[in-house]
Every structure is written in C-alpha cells, then in structure tokens.
Amino acid sequence: MELNGKLNYKIIDIDTYISEIDITQYYSDGKEHFVVASTSSGKSKVHIADLVSKANIAVTSPFIMLNEQFMKLNPILQTYVGTKPREGSVLPSNGCVTSFHSIPRLLEITPNTLDYLIVDEIHYMISFAGFAQEIINPFFETIDKLRILHPKLKVVYLTATPIFLEEFVKYRKMECFYIKPKTLLAKPAEIAIQSGLANSIKQDPTDYICLFNSKKRGWDWAKKYGGAYISADVSQTEENYAGLIAGKMPQQRVFCSVVLSTGLSITDKVDTLYTSWTNLMDIVQFSARPRQGGHRLVVQSRPMAWLEKFTKRPQEIDWDICDYKDLFIYMNEFLMWVSVIAHQNDQVLEEMLNTMIYQPIAKVELPDW
C-alpha cells in the first residue's frame, strides 16, 4: 500500500529558517495554500510574529495553550477563547488568534480588511474527529464565510505532517508548498521501538518527557516515578502551566497527555521522549517538541490485541456528497488503521516514523493488510 506523494508541491529550498526568504511572494490573493515545513524552521514565527507587523491577520490553532505561547512571544496578538459574545480582549488593529473551537469568533472580531488567515497545525483536525467532531463543520463554514467577506484573503494551512491530509488538500484545490531545509532542527538523533516502557522510565536518570494515551496512566506514573503531570485542562494558575508556556521543563521528569503531542515548544534540554501512543501523526509531532533536538525517541509498539477496533480498513467515502465532519472522521479512522499496521512490525514502524520525520512529502510503502 502506498501513501503520500500524490500532491504537486512547489519545493522551496532554504538553509535552516523560512525567514531566509519572503514566503509571502508565493501566496495568491483569494487562494488557499498548503505549506509543509519542518518543526523549528520558524514557520509560525514568519507567518504570525513577522506577518502581523505587515498585514491584517487572523490565526487559529488547536489549543489554548499553544495560543498562549504565541501571545508570550507576540504580545501584539490578542487571544480569543470560547464562544460567549463578550469573551476576549480589545482587538488590536491587525492581529487576533483563536483556538479551533473558537474560530466562529473571527466573523465578529476581524478587521474590516483581512489579508491572511493562518491555520496552524491543521493536521490536528484529524485528531479532533476522534473526540470533538462537533467543531469540524463550523470550522470550515467559518473559513468559507471569511473568504466571501474578504475576497482577496490568503488562507495558509501550516503543518509538518502532511501525510494523511492529501485527499483533503486536493478536495479544497489548494496550492501546495514544501519548504525544504538543508539543516533539520528539533529532530531525534535516535528512534527506538520497545515492547514496554516501565523499566526504562523507572531507571532513566536523565531529563525526559512521557506522552501517554490516557490521563490516568500519566497521572499514576507521575506519582510513582516522581515527576510533573500536565494535561490539556491544566489550570492556568499552576506553576507547571507557566513553565510550559515559557518553553521550560517544569521538572526533570514530565508526564503528559495530549497537550505536548503538537505545537508547544520546549527550549530546555530534553534527553529522551517516551510514548505509548499508537497514532503515528501524534508520535511524529511529539518527537519535535524539544527544540534543541538530538534527543532519543522511544516508542512502545502496540500489539493487535490492544487495537482490535482499528484492524479493519475504513470504507471509502464519496468526497462529493459528505460534509467535512464525515471526511475528517474517515481520515481519523484511516490514520488509526495505518498506525495499527505499522505497530505490528518494529522495522515497519521505525521506517514509517523516519520517513514522516525526515522526508515528510515522500512516498511511504506499507505491507499489504
């Protein structure tokens, strides 16, 4: 089975950072653009921090915590969360940011002229199809309404993991770009596949982060092995929250759930990442959280008995009659099905992760199932 390699990308070569070029020269008025760029290449900085001083922009990303980190780096932006009419702050003249859940607010709070809509970490909408399906249709309805209100609006979807989004990108008729760096930052130096993690986590004396597939497991292991536990609903008043927003490791050992699977940057040194997650896309995103790079990524393989509900290939859908919720539910099921296949063979799993991390637009071959 072949994945990826179906889109016609314009490849833009850089040394390390997107700021070396004027990426906006490639964007067309009234068009949607799909931009693949590696983590730590500065795609968010260029499209948010730099762009906000030149144009009227709106930004949306999956998590409030990720938006808070934007805000710390870019105080000109104002964050909007929730859907209550009076929630939020006074909007500055040219920049606002919402979570995916709150994107309908952009219809109320954007400037009279909107030049860019930046959709950061668009890949995570596939995961939302597993636990927040109700936001998907309003999300894309809002984007379509904004494009009508602002006919010259340039919509830019950003990701470092494009592999499961190809059908969606073709469906939306996006212009595709791959920003290819000579030097990759925030990448693991080693990928290891293990059948279990408990002994390694217990004995590891270095700085590490563990990403678990359940809050209970993460919380239990944080207490058992003496570390900080952080979940997506962590209180903003907690010290650990402030540390994460600043890009710091709150303790030597950090145990977490979804919050560190995408987006957030950890600037402190991290020696090892451990994860028991099955979802390949989240594993790849998690692998890039430590911005210094050079760390070890340890992935627990998941035998079939754990994943029985994902062993059947999802039924193909008709893209012309389904709504966006149905499309992303299908993509989520397909992602999990492929992830299950990869987890049944350590070599296949390691090769798949290597390709997704180091060659994100390359074709991927999976064994027949």
Side-chain angles (χ1 to χ4, degrees), residues 1 3-5 36-41 123 127 159-164 180-213 218 221 249 253-258 260-266 268-304 306-307 335-367:
M1 180 175 62
L3 301 174
N4 231 12
V36 178
S38 64
T39 302
S40 224
S41 61
H123 56 270
S127 295
T159 186
T161 47
I163 183 170
F164 296 99
K180 184 180 180 181
K182 292 180 181 177
T183 303
L184 286 170
L185 303 175
K187 301 300 181 185
E190 177 189 356
I191 298 175
I193 311 299
Q194 295 182 183
S195 58
L197 300 179
N199 288 336
S200 297
I201 289 172
K202 180 180 180 180
Q203 298 170 11
D204 192 342
T206 66
D207 296 333
Y208 64 73
I209 302 173
C210 301
L211 175 68
F212 288 100
N213 56 1
W221 283 36
M249 288 279 285
R253 296 175 171 182
V254 175
F255 298 82
C256 61
S257 58
V258 66
L260 276 175
S261 66
T262 198
L264 280 180
S265 302
I266 302 297
D268 280 350
K269 184 178 182 297
V270 179
D271 297 294
T272 308
L273 298 178
Y274 295 99
T275 182
S276 62
W277 274 33
T278 305
N279 185 316
L280 290 172
M281 192 169 62
D282 285 337
I283 294 172
V284 170
Q285 283 289 326
F286 176 55
S287 76
R289 293 314 98 215
R291 290 306 197 245
Q292 293 189 27
H295 48 280
R296 187 168 181 253
L297 173 65
V298 181
V299 179
Q300 180 178 351
S301 58
R302 309 293 288 179
M304 187 69 67
W306 288 72
L307 307 163
L335 163 62
M336 289 306 300
W337 177 70
V338 171
S339 298
V340 168
I341 295 173
H343 272 266
Q344 303 317 302
N345 183 299
D346 289 358
Q347 182 179 348
V348 170
L349 178 57
E350 185 174 348
E351 289 176 354
M352 186 98 179
L353 292 173
N354 266 301
T355 300
M356 291 176 67
I357 291 170
Y358 294 103
Q359 299 175 290
I361 67 170
K363 291 181 181 179
V364 176
E365 293 285 348
L366 277 179

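Note that the numbering runs from 1 along the sequence shown for the chain.
For the atom pair Ser287 OG and Met356 CE, the distance stands at 9.0 Å (nearest 0.5 Å). Taken from CG in Leu297 to CG in Asn354, the straight-line distance is 9.5 Å, to the nearest 0.5 Å. Considering CD of Gln292 and OG of Ser265, their distance stands at 12.0 Å, rounded to 0.5 Å. For the atom pair Gln300 CD and Leu211 CG, the distance stands at 12.0 Å (nearest 0.5 Å).
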When you look at Leu349 and Gln344, which way does the side chain to side chain contact (heavy atoms under 4.5 Å, CB included) test go after all the steps? CA-CA 8 Å; Leu349 178 57; Gln344 303 317 302; over 6 Å; no
Start with the C-alpha gap between Trp221 and Phe212, add the side-chain angles, then the distance that decides, and say whether ring pair (Phe, Tyr, Trp, His ring centres under 6.0 Å) holds. CA-CA 10 Å; Trp221 283 36; Phe212 288 100; 5.1 Å; yes
Test side chain to side chain contact (heavy atoms under 4.5 Å, CB included) on His343 and Val299 and set out the steps. CA-CA 10 Å; His343 272 266; Val299 179; 4.2 Å; yes
When you look at Ile209 and Met249, which way does the side chain to side chain contact (heavy atoms under 4.5 Å, CB included) test go after all the steps? CA-CA 9 Å; Ile209 302 173; Met249 288 279 285; 3.7 Å; yes
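Residues satisfying the side-chain hydrogen bond (donor to acceptor under 3.5 Å, both in side chains) criterion with Asp346, sequence neighbours excluded, are absent altogether. Residues meeting the side-chain hydrogen bond (donor to acceptor under 3.5 Å, both in side chains) test with Lys363, sequence neighbours left out: none. Every residue meeting the side-chain hydrogen bond (donor to acceptor under 3.5 Å, both in side chains) condition with Thr206, not counting sequence neighbours, appears here in chain and number order: Asp204. Under the side-chain hydrogen bond (donor to acceptor under 3.5 Å, both in side chains) criterion, Glu351 pairs with Gln347, not counting sequence neighbours. The side chain to side chain contact (heavy atoms under 4.5 Å, CB included) test applied to Lys187 returns Ser38, Leu184, Ile357, Tyr358, not counting sequence neighbours. For Lys202, there are no salt bridge (charged side-chain N to carboxylate O under 4.0 Å, His left out) partners, not counting sequence neighbours. With sequence neighbours left out, the side chain to side chain contact (heavy atoms under 4.5 Å, CB included) criterion links Pro290 to Val270, Leu273, His295. Residues meeting the side chain to side chain contact (heavy atoms under 4.5 Å, CB included) test with Ala160, sequence neighbours left out: Thr39, Lys43, Gln285.
A 4.5 Å side-chain heavy-atom check between Met281 and Ser127 finds at least one atom pair inside the cut-off. Residues Asp268 and Asp207 fail the side-chain proximity criterion, which asks for heavy atoms closer than 4.5 Å. Cys210 places none of its side-chain heavy atoms less than 4.5 Å from the side chain of Val254. No side-chain heavy atom of Pro360 sits under 4.5 Å from any side-chain heavy atom of Ile163. The side-chain heavy atoms of Phe164 and Met336, taken from C-beta on, include no pair separated by under 4.5 Å. Between Ile341 and Val348, the closest side-chain pair of non-hydrogen atoms is not below 4.5 Å. Using a 4.5 Å heavy-atom threshold, the side chains of Ile193 and Ile191 count as touching. Taking 4.5 Å as the limit, every side-chain heavy atom of Ile266 sits out of range of all side-chain heavy atoms of Arg291.
Shown here for Val298 and Leu197, the closest heavy-atom pair between the two residues is CG1-CD2, 3.8 Å. Across all their heavy atoms, Leu335 and Leu280 have their closest contact at CD1-N, 4.4 Å.
Sorted by first and then second residue, the salt bridge (Lys or Arg N to Asp or Glu O under 4.0 Å) pairs involving residues 189-200 (not counting sequence neighbours) are Glu190-Arg296.
Classification of the Tyr208-Phe255 ring pair by plane angle, with boundaries at 30° and 60°, yields perpendicular.
Donor-acceptor pairing under 3.5 Å is recorded for the side chains of Thr159 and His123.
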